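Sequence lines set the chain letters: A, B, ... in the order given, protein chains first and strands last, and positions in each chain run from 1. The shown structure was predicted, so the numbers you read here are calculated from the model rather than taken from an experiment.
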Number of protein chains: 2
Amino acid sequence: MNPELLANPKAERIRRVAELANAKARRRTGHFLVEGPQSVREAVACCPDSVRDLYVQANDAADAGNGRTAGQDDSAHTAASVRSRIVETALEAGIYVHEAMPEVMSRISSNTQGIAAVVETERLLANGGSVSWPDGADDTRDAGDAGSTMIAAFWQVRDPGNAGTVIRSADAAGCAAVVFVDDCVDVFNPKVVRSTAGSLFHVPVLSMETEEFFAWMSGHGCPVIAADIYGTAENRPQSLPRLLRDGSLGIAAKAVLFGNEARGLPEEILAQAQRIVSIPIYGKAESLNLATSAAVMLFSMAMSSHIGTM
Amino acid sequence: MNPELLANPKAERIRRVAELANAKARRRTGHFLVEGPQSVREAVACCPDSVRDLYVQANDAADAGNGRTAGQDDSAHTAASVRSRIVETALEAGIYVHEAMPEVMSRISSNTQGIAAVVETERLLANGGSVSWPDGADDTRDAGDAGSTMIAAFWQVRDPGNAGTVIRSADAAGCAAVVFVDDCVDVFNPKVVRSTAGSLFHVPVLSMETEEFFAWMSGHGCPVIAADIYGTAENRPQSLPRLLRDGSLGIAAKAVLFGNEARGLPEEILAQAQRIVSIPIYGKAESLNLATSAAVMLFSMAMSSHIGTM
């Protein structure tokens with residue numbers, strides 16, 4: 001714990017932290033900003049070695065275990081005690097914790113809710129090496145095999161909110177990794193980080209060029225299933241519920257690839273996929289948005305492959 | 001078609017249209033604003049009798065069928081011809097169309113993309129009477145019966161973006177109606193309308209008090225399935241994939257009820273539900289957000305009940 005209370009919002013250190021809102025500063029420093037109790041808690045719990053500094057609103061740490069301070073209302077008290085618990089975990093993990101005045105926290109960003117962390121991008125990205133592949137990934141297994149590996153891949157996802165939401169859905173569906181393919185939004189953009197609600201620290205998130213992605217998948221004998229409603233002349237989309245029912249998705253490893261919010265997947269990408277799958281529309285809506293498609297597709301497949309193990 | 005080109009952004013008529021961004025003005029007039037080509041097109045196509053006035057950026061109508069105007073780029077040309085087609089359909093339906101200068105469109109709202117409509121709330125809400133219930137809704141039917149009626153209900157949904165997104169998902173999943181229960185965001189809030197991407201005009205959206213909702217459902221012999229991860233001491237949640245697999249959701253009518261974004265569903269509401277269902281989390285994410293839960297739950301159930309009919 002830094003014994004010095006940070007009180008000057010104009011301090012050079014604080015300016016540098018606030019600057020992490022910009023991609024340029026993130027690239028130069030190799031750091032990014034994590035805001036709010038949920039995300040900071042998950043960063044501290046799951047990736048403590050990547051967390052360089054933690055900034056917490058002053059007086060919170062002093063409150064820990066001291067019960068209610070007069071004049072604090074319930075929700076302020078709850079928020080303060082949530083932050084205290086995160087600080088305790090961080091100190092145990094040897095993370096450098098700085099107490100700061102509210103105006104300093106506001107200068108860091110308007111989304112800290114009293115707590116923020118500076119995290120190294122490098123080590124987090126290195127997690128990609130830790131994707132666990134099943135042995136003999138090209139073998140067909142029982143649909144009931146929960147040991148199957150699912151990768152969620154997104155080609156040219158551009159909207160930060162979407163990018164964060166799909167990382168969260170992929171995490172919840174038990175995906176082994178998320179891959180951002182080609183020119184996507186920066187995964188360390190603060191809005192992406194916030195929208196993942198901590199999932200950025202649960203599942204490896206990798207960035208790759210298109211060829212690199214397909215080579216990686218084929219190297220692991222992992223078929224790529226493109227989510228697309230049109231398909232190509234040679235490869236028409238198959239309906240998701242039919243595939244779920246006939247058991248042909250019960251394979252040891254699979255990657256599901258989603259397209260750009262506005263343009264979907266272009267022909268040349270679809271041509272490289274082993275299968276094309278579409279979600280049927282039962283009502284009058286024209287289409288589903290990316291976040292909805294990803295949630296439905298990934299969860300349907302996850303529920304289908306876990307059904308035997310519940 | 002109004003022969004007069006609307007050129008004055010300060011005109012009283014335009015001020016009144018712009019005012020529909022406020023709930024108070026919507027309540028007083030019984031009108032709401034629909035912005036952008038996708039939503040306006042669906043309003044004109046599906047609910048022409050509810051559309052009072054259509055405002056379109058000037059010169060668009062003159063372009064119809066005249067091919068490219070020199071200096072227009074492709075996307076501007078495409079946008080203009082999309083608007084022209086909507087105007088044609090509107091004129092055929094007898095809707096009053098006003099051409100307006102760009103500054104007038106900007107005064108109406110910053111989200112018109114060159115086209116907006118004023119629509120009556122009353123007639124749209126009256127669509128609720130048109131929900132089609134299966135005969136003998138309390139009979140158990142084959143899971144393959146596509147004639148089953150599914151209602152999507154949301155208790156105290158507060159975020160406009162969420163509210164719109166769930167209406168769109170419910171539409172795509174083929175729900176017969178959407179019900180906003182208790183104190184929800186105003187369904188005619190411009191952000192809700194935009195987020196539905198036209199689905200507001202495809203599926204009846206009703207607002208009800210809690211008791212009214214449960215009485216309506218029980219009057220149609222329609223069980224209420226609450227989506228909740230905790231459940232109550234008497235009624236533990238059942239896992240969604242297990243329910244899908246055992247066929248017990250293959251009933252003629254069902255309503256799925258989702259809770260508030262932050263608080264979920266309170267005990268007293270859960271106690272009134274016939275069943276409680278939860279989506280399993282396979283990864284480390286704590287939970288799913290409302291829009292994701294609704295998409296996964298509604299689509300899983302829809303795919304499961306349509307599987308025999310593809």
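In this structure, chain B has a heavy atom under 4.5 Å from the backbone of A:A173, while its side chain stays farther away. For chain B, no part of A:L298 is nearby; none of its heavy atoms comes within less than 4.5 Å.
No donor-acceptor distance shorter than 3.5 angstrom exists from the side chain of B:R85 to the backbone of B:R41, with no hydrogens or angles considered. Remark: side-chain polar atoms of B:D171 are paired, donor with acceptor, to backbone N or O of A:A285 under 3.5 angstrom. Judged by distance alone, the side chain of B:R194 and the main-chain N or O of B:N189 form no donor-acceptor pair under 3.5 Å.
Ranked by non-hydrogen atom pairs under 4.5 Å with chain A, the options B:A295, B:A172, B:G174 are led by B:A172. Most heavy-atom pairs under 4.5 Å with chain A, from the set B:G198, B:S293, B:S287: that is B:S287. For the set B:T292, B:T165, B:L288, the count of heavy-atom pairs under 4.5 angstrom toward chain A peaks at B:L288.
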Hey, mind stepping through A:I86 and A:I115 against side-chain contact (heavy atoms from CB on, under 4.5 Å) and telling me if it holds? CA-CA 9 Å; A:I86 300 169; A:I115 194 161; 3.9 Å; yes

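Checked by atom type, the side-chain pair B:Q156/B:E261 shows no donor-acceptor distance below 3.5 Å.
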